[in-house]
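Remarks on the structure that follows.
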Amino acid sequence: QVQLVESGGGLVQTGGSLRLSCAASGLTFSRSAMGWFRQAPGKEREFVASTSYSGGSTVYADSVKGRFTISRDNAKNTVYLQMNSLKPEDTAVYYCAARRLSGYSSYAASYDYWGQGTQVTVSS
């Protein structure tokens, strides 16, 4: 049974930083591309960042490029999202997702497994 467990969310002021973690189990993590998505109240779930199985290739949404960094530690079966220069519009529930395939993707439908999400709130 695949489990993805996010942690690290919370309340932060504008301009602050947070690091989200997602611990994976039940899958061959080192062969799986991973991604982060987010969903704000009343909005559709949107892509944030994705990394290939090795971490060698990454892709970001334009809205977070230069502020967020996705990384992974295959020895720990964990993917991270470092979020800097946070803005109120970054407020959302952040979800970790895993693909059975090794290449990164910005399409939610291409992911096979999802975590429960962690709330990030950025106050102005």
Side-chain angles (χ1 to χ4, degrees):
Q1 181 181 355
V2 176
Q3 283 194 313
L4 302 176
V5 180
E6 302 97 334
S7 61
L11 174 64
V12 65
Q13 290 187 330
T14 297
S17 298
L18 282 174
R19 187 172 90 152
L20 305 183
S21 299
C22 172
S25 60
L27 77 166
T28 308
F29 184 80
S30 61
R31 296 180 184 175
S32 299
M34 301 295 295
W36 287 96
F37 291 76
R38 67 187 183 186
Q39 187 167 19
K43 294 190 176 181
E44 298 281 321
R45 188 173 298 190
E46 66 172 359
F47 169 72
V48 175
S50 179
T51 177
S52 64
Y53 72 104
S54 66
S57 297
T58 57
V59 63
Y60 296 90
D62 287 343
S63 59
V64 307
K65 206 171 291 183
R67 299 188 299 122
F68 290 11
T69 302
I70 188 171
S71 61
R72 63 190 297 158
D73 185 338
N74 285 350
K76 295 183 178 179
N77 284 9
T78 300
V79 63
Y80 305 97
L81 184 68
Q82 177 67 45
M83 305 186 294
N84 298 329
S85 302
L86 283 161
K87 306 174 182 180
E89 51 263 44
D90 294 318
T91 295
V93 177
Y94 283 71
Y95 297 91
C96 170
R99 305 185 76 202
R100 294 194 192 98
L101 300 178
S102 60
Y104 64 70
S105 173
S106 61
Y107 295 100
S110 71
Y111 286 80
D112 301 289
Y113 309 104
W114 293 83
Q116 292 299 306
T118 185
Q119 176 71 47
V120 171
T121 303
V122 184
S123 63
S124 57

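Model, not experiment: these values are computed from the prediction.
- Side-chain atoms of Thr91 come within 3.5 Å of backbone atoms of Val122 as a donor-acceptor pair (strictly under, hydrogens ignored).
- Two residues are said to be in side-chain contact when any heavy atoms from C-beta on lie closer than 4.5 Å; Val120 and Val93 fail this criterion.
- A 4.5 Å side-chain heavy-atom check between Thr121 and Val12 finds every atom pair outside the cut-off.
- Between the side chain of Ser85 and the backbone N or O of Gly15, no donor-acceptor pair lies under 3.5 Å.
- Taking every heavy atom of both residues into account, Ala23 and Thr78 meet most closely at CA-OG1, 4.1 Å.
- Listed for the Glu6 side chain is a donor-acceptor partner under 3.5 Å among the backbone atoms of Gln116.
- In the hydrophobic clustering of this structure, Tyr95 does not group with Tyr60; members are Ile, Leu, Val, Met, Phe, Trp, Tyr whose side-chain heavy atoms approach within less than 4.5 Å, directly or through other members.
- Taking OG1 from Thr58 and CZ from Phe68, the interatomic distance works out to 14.0 Å, rounded to the nearest 0.5 Å.
- Residue pairs meeting the disulfide bond (SG atoms under 2.5 Å apart) criterion with at least one member in residues 62-124, sequence neighbours excluded, are Cys22-Cys96.
- Atom CE of Met83 is separated from atom CG of Leu20 by 4.0 Å, given to the nearest 0.5 angstrom.
- At a threshold of 4.5 Å between non-hydrogen side-chain atoms, the residues Gln82 and Ser71 do not count as touching.
- In the hydrophobic clustering of this structure, Leu81 groups with Leu4; members are Ile, Leu, Val, Met, Phe, Trp, Tyr whose side-chain heavy atoms approach within less than 4.5 Å, directly or through other members.
- Of all the heavy atoms in Leu11 and Ser123, the pair that sits closest is CD1-CB, 4.3 Å.
- What you find for Ser105 and Ser110 is that their closest heavy atoms are OG-OG, 2.7 Å.
- A side-chain donor-acceptor contact under 3.5 Å links Ser17 and Asn84.
- By the rule that hydrophobic residues join a cluster once side-chain heavy atoms approach within less than 4.5 Å of another member, Tyr113 and Ile70 end up as members of one cluster.
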Identify all side-chain donor-acceptor contacts of residues 29-37 below 3.5 Å with residues at least two apart in sequence or on another chain.
| from | atom 1 | to | atom 2 | distance (Å) |
| --- | --- | --- | --- | --- |
| Ser32 | OG | Thr28 | O | 3.1 |
| Ser32 | OG | Arg99 | O | 3.2 |
| Trp36 | NE1 | Tyr80 | O | 3.4 |

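- Going from atom OG of Ser25 over to atom CD of Gln1 covers 8.0 Å, rounded to the nearest 0.5 Å.
- In plain terms, the two heavy atoms of Leu27 and Ala98 that are nearest each other are CD1-CB, 3.8 Å.
- Hydrophobic clustering, with ILVMFWY side chains joined whenever heavy atoms are under 4.5 angstrom apart, keeps Tyr94 apart from Phe47.
- For residues 39-56, every residue pair satisfying the side-chain hydrogen bond (donor to acceptor under 3.5 Å, both in side chains) rule, not counting sequence neighbours, is listed here: Arg38-Glu46, Ser50-Tyr111.
- With hydrogens and angles ignored, the 3.5 Å screen pairs no side-chain donor or acceptor of Ser63 with any backbone N or O of Ala61.
- By the 4.0 Å N-to-carboxylate-O rule, Asp62 lies close enough to Lys65 to be salt-bridged with it.
- Formation of a donor-acceptor pair under 3.5 Å by the Asp112 side chain with backbone atoms of Arg100 is found in this model.
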